[in-house]
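This report refers to the structure that appears directly beneath it.
Letters A, B, ... mirror the listed sequences (proteins, then strands); counts begin at 1. All of these numbers come straight from a predicted model, not from anything done at the bench.
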There are 2 protein chains.
Amino acid sequence: MRKKKPTIHEVAARAGVGLGTVSRVLNNHPAVRPETRARVLRAMEELGYTPNPHARRIAGGRSYTVSVLLPFVATEFYRRLIEGIESVLLEKRYDLALFPILSEARLRRYLESHTLAYLTDGLILASYDLTEHFEGGKLPTDRPVVLVDTKNPRYDSVYLDNFLGGHVAGTYLARFPGAIFAVKVEEEPDRAFRHTVFAERMAGFLQALKEQGRPFPEDHLYTTRLSPEGGRLALRHFLEKSSPPLNVFAGADQVALGVMEEAERLGLTVGQEVRVLGFDGHPFAEEVGLSTIAQPVEAMGAKAAQLLLERMQGYAAPPREVRFEPLLIERASTGTPPAVPYVP
Amino acid sequence: MRKKKPTIHEVAARAGVGLGTVSRVLNNHPAVRPETRARVLRAMEELGYTPNPHARRIAGGRSYTVSVLLPFVATEFYRRLIEGIESVLLEKRYDLALFPILSEARLRRYLESHTLAYLTDGLILASYDLTEHFEGGKLPTDRPVVLVDTKNPRYDSVYLDNFLGGHVAGTYLARFPGAIFAVKVEEEPDRAFRHTVFAERMAGFLQALKEQGRPFPEDHLYTTRLSPEGGRLALRHFLEKSSPPLNVFAGADQVALGVMEEAERLGLTVGQEVRVLGFDGHPFAEEVGLSTIAQPVEAMGAKAAQLLLERMQGYAAPPREVRFEPLLIERASTGTPPAVPYVP
DNA sequence: CTGAAAGCGCTTACAG
DNA sequence: CTGAAAGCGCTTACAG
């Protein structure tokens with residue numbers, strides 16, 4: 001049997017101070033002599049002391065944990081988002097609890113009930129537009145709430161301009177000669193929420209093509225679920241419509257990866273015969289030399305955490321809206337763009 | 001501003017009883033007169049009272065929440081598993097907190113530190129074999145731990161016999177005439193853990209074919225990531241090797257779905273020209289008429305929860321091992337098996 | 001069966 | 001700057 005965890009009492013005794021003092025160093029209270037603080041810190045270290053969040057919360061303070069409610073889809077996007085959130089929270093000694101939303105019913109339970117999710121110090125909601133889920137468009141909680149990867153005028157929101165990203169993609173690909181194709185990622189219909197990012201990206205893309213006077217026949221668009229294999233099928237489909245060089249915009253790096261894989265498998269030179277532009281800027285894109293419209297996911301997560309921290313510290317002004325812009329990153333998969341843009 | 005949540009005090013006052021009595025009905029203590037219990041329950045209802053898990057935990061009792069640590073992959077499998085776990089936990093008034101494991105580092109943090117994950121009443125670990133992650137193969141926690149979808153002699157384990165499932169699949173498909181093919185799902189290499197279920201399924205499958213005297217050339221195996229599009233690519237590949245009728249075993253229903261989709265797209269009759277057998281028994285398999293090797297995921301989750309509950313109530317015997325068997329479900333995608341098994 | 005008291009591990013004014 | 005006390009919302013013996 002493991003020994004019981006040491007409490008603040010043991011720390012106080014060992015450091016030869018009162019409970020209050022220990023608590024003060026725990027909470028970074030300025031009114032502690034550096035010398036005393038050091039002594040307490042050492043005692044904690046020696047005892048392997050670690051504060052009990054339940055007790056902290058019960059004592060009227062904070063639990064020092066933040067809940068992140070996110071869709072039950074474990075993708076690279078959410079991994080990066082969580083990383084960003086965590087990076088700033090950790091610095092402030094906050095912990096993270098993830099609550100994957102499996103259904104709308106579960107979301108309600110998280111929020112209306114006594115679940116732990118409800119009892120942390122603040123909430124970050126990822127990718128949800130809440131207005132449709134609750135009456136009055138307001139979440140049934142009085143903790144601070146921040147939205148990320150979606151927005152709502154009632155809450156601090158951090159989001160990416162996906163339309164702009166698609167537009168940048170379209171403008172860029174229009175510089176090249178050759179037919180233009182696009183792979184759109186299908187939204188999952190059975191989710192408790194509607195995700196519109198893929199549609200927004202495509203809308204921006206089509207708008208840009210129109211502005212550049214580049215035609216885009218309907219059958220140049222291929223729709224698939226989010227998977228590399230979807231990209232492979234897409235390329236095969238495109239090659240039935242048109243011969244190289246092909247310019248392909250994939251609405252997600254995952255899919256773009258499949259396009260590249262299939263091109264290689266067919267012996268086509270990526271960057272020349274098949275130019276591929278992805279969207280996301282996931283780490284693996286760099287590894288495989290994929291040009292992409294990068295979204296600063298980690299930065300968005302960090303920003304969301306920062307806004308939440310401010311709210312938890314009492315900031316009470318009206319909701320803020322932070323818009324991030326995606327960035328074109330040129331790599332080998334699109335080759336070298338012509339000095340003079342192609343004119344149809 | 002929302003009113004403060006009512007506490008046990010308000011409930012006691014309203015019901016005209018002492019604090020202890022309220023606590024007793026909260027904890028289902030038998031020593032409460034039915035009449036009194038009813039009165040307390042009504043007071044709770046009227047006040048919208050809901051107990052504070054932090055306080056419960058701090059008071060030396062339970063927090064009435066259980067942590068589930070699971071890989072950061074949101075698939076139908078884990079949705080079902082959680083559903084199963086939750087079904088029995090809910091009944092005992094326990095809540096669930098999910099902790100997706102993003103990396104081994106995070107797993108350690110969950111377990112070694114003061115995170116909430118560590119401070120609930122018990123842990124369920126899904127799909128992990130822990131021995132490789134901690135010294136001595138023992139988790140650094142003294143809470144009860146139950147494993148599911150994996151096993152370890154040191155802990156109560158609930159698992160599926162994947163080899164048997166593959167074997168059943170092989171024996172079944174061998175009854176049909178026509179070439180036999182298989183789609184294997186690739187294990188994700190960048191996970192913090194090694195998942196071997198797909199390999200086990202395939203091993204059982206191959207073993208059965210051998211026993212039935214059915215040849216299985218190496219190029220009848222197609223490997224892909226887990227996606228329906230992978231199944232579509234697989235079928236196209238198989239059709240280059242052999243003409244219908246084809247018998248395809250897909251290591252996962254997701255992939256089998258893609259095989260069906262592609263067959264239909266190519267105008268091939270599923271169940272005759274292309275026979276497909278999946279693995280998982282996910283709900284959507286029934287909708288599309290997919291024959292499959294069903295694993296009782298919900299039942300496995302429920303069993304794990306039950307074992308954990310027993311441990312939390314003090315059950316202290318050596319670790320138990322519960323093995324579940326998959327079940328063949330025949331539907332339209334494999335058509336009608338011949339009265340007399342095919343003999344090569 | 002039920003109430004009053006002690007205590008869980010912490011924080012936060014309140015006095016020094 | 002620091003200690004002692006009160007209190008957070010609950011549970012658990014302890015007496016009746």
Using whole Å, report how far OH of A/Tyr49 lies from C1' of C/dG9. 7 Å
Do A/Leu125 and A/Val148 have side chains that get closer than 4.5 Å, going by heavy atoms? no
Figure out the CG/P separation between B/Leu19 and D/dA13, and round it to whole Å. 17 Å
Tell me: CG of B/Leu47 to P of D/dG9, nearest whole Å? 14 Å
Rounded to the nearest angstrom, tell me the gap between atom CZ in B/Arg56 and atom P in D/dT11. 5 Å
Here the distance between atom C1' of D/dG9 and atom CG of B/Asn52, to the nearest Å, is 6 Å
Checking B/Ser157 side chain against B/Tyr155 main chain: does a donor-acceptor pair fall under 3.5 Å? yes
Nucleotide of D/dC10, C/dT11, D/dC8 approaching A/Ile8 most closely (side-chain heavy atoms): C/dT11
Compare side-chain N and O positions of B/Thr36 against OP1 and OP2 of C/dT2 and report whether any pair is under 4.0 Å apart. yes
Determine the contact category for A/Val17: base if any of its heavy atoms lies under 4.0 Å from a base atom, sugar-phosphate if only primed atoms, P, OP1 or OP2 are that close, otherwise nothing. sugar-phosphate
Please give me every residue in residues 24-34 of chain A whose heavy atoms get under 4.0 Å of an atom in DNA chain C, ordered by residue number. A/Arg24, A/Leu26, A/Asn27
To the nearest angstrom, how far is B/Ile58 atom CD1 from D/dT11 atom C1'? 12 Å
In whole angstrom, what separates A/Arg57's CZ from D/dG9's P? 11 Å
Can a side-chain donor-acceptor contact be found between B/Thr150 and B/Ser127 if the only test is distance below 3.5 angstrom? no
OP1 or OP2 of D/dC10 sitting under 4.0 Å from any side-chain N/O of B/Ser23? no
So that I can compare with my own list, what are the stems of DNA chain C, taken as at least three consecutive Watson-Crick or G-U pairs with distances under 3.5 Å? C:1-3 with D:14-16, C:5-12 with D:5-12, C:14-16 with D:1-3
Using only atom types and a distance under 3.5 Å, with no angle test, would you say the side chain of A/Asn27 pairs donor to acceptor with the backbone of A/His29? no
N-O pairing of A/Asp121 and A/Arg143 below 4.0 Å: no
Are the side chains of B/Ile82 and B/Leu96 in contact, using a 4.5 Å heavy-atom criterion? yes
Determine whether a donor-acceptor pair (N or O, by modelled atom type, separation under 3.5 Å) exists between the side chain of A/Glu10 and the backbone of A/Thr7. yes
Thinking salt bridges, do B/Arg79 and B/Glu76 make one under a 4.0 Å N-O criterion? yes
Rounded to whole angstroms, how far apart are NE2 on A/His54 and C1' on D/dG7? 19 Å
Salt bridge present between B/Glu310 and B/Arg320 (N-O < 4.0 angstrom): yes
May I ask you to evaluate whether B/Tyr64 reaches the phosphate of D/dT11, defined as a side-chain N or O under 4.0 Å from OP1 or OP2? no
